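A short worksheet on the structure shown next.
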Amino acid sequence: LVNEPDLVHSTFGSLRPNKSKACDNDWMTPLAFAVACDQAEIAKLLLNHDSSVIGVAELRRSIHALAREHAGPEVQQLLGMKR
């Protein structure tokens, strides 16, 4: 993140060298993946590096929707969600 700070905004699919080997998570940004996996420390790190909770146009669901479904209270609080 220090050398390439814009990577926090990239989807996994945009970084994949072989586009023919796509996977289900290609639409996710690193923050979306951290939220979906309920990884508070990773989410905090990404948010501290200006990762956007809005996401990108390719997102199938919002970060907040992912958090409501998959993340616990710690991640939801990091995202500024009220319980």
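All values below come from the heavy atoms of this structure, side chains included, with hydrogens, waters and symmetry mates left out. Predicted, not measured: the structure shown is a model, and the values here were computed from it.
- In terms of heavy atoms, Thr29 sits closest to His9 at CG2-O, 4.0 Å.
- Checked against side-chain contact (heavy atoms from CB on, under 4.5 Å), Ala43 has the following partners two or more places apart in sequence or in another chain: Leu31, Ala34, Leu78.
- A distance-only check finds no donor-acceptor pair linking the side chain of Gln76 to the backbone of Met81 [under 3.5 Å].
- The side chain to side chain donor-acceptor pair (under 3.5 Å) check on Glu4 picks up nothing, with sequence neighbours excluded.
- Rounding to the nearest 0.5 Å gives a distance of 11.0 Å between CG of Leu7 and OG of Ser51.
- The two residues Ala67 and Leu79 make their nearest non-hydrogen contact at CB-CD1, 3.6 Å.
- The structure places SG of Cys37 at 10.0 Å from CG of Leu66, a figure rounded to the nearest 0.5 Å.
- Here the shortest heavy-atom pairing between Met28 and Ala36 reads CE-CB, 3.7 Å.
- A 4.5 Å side-chain heavy-atom check between Leu47 and Val53 finds at least one atom pair inside the cut-off.
- The heavy-atom pair separating Pro30 from Ser10 by the smallest distance is CD-O, 3.2 Å.
- Note on residues 27-46: no pairs pass salt bridge (charged side-chain N to carboxylate O under 4.0 Å, His left out), not counting sequence neighbours.
- Taking every heavy atom of both residues into account, His49 and Val8 meet most closely at O-CG2, 3.7 Å.
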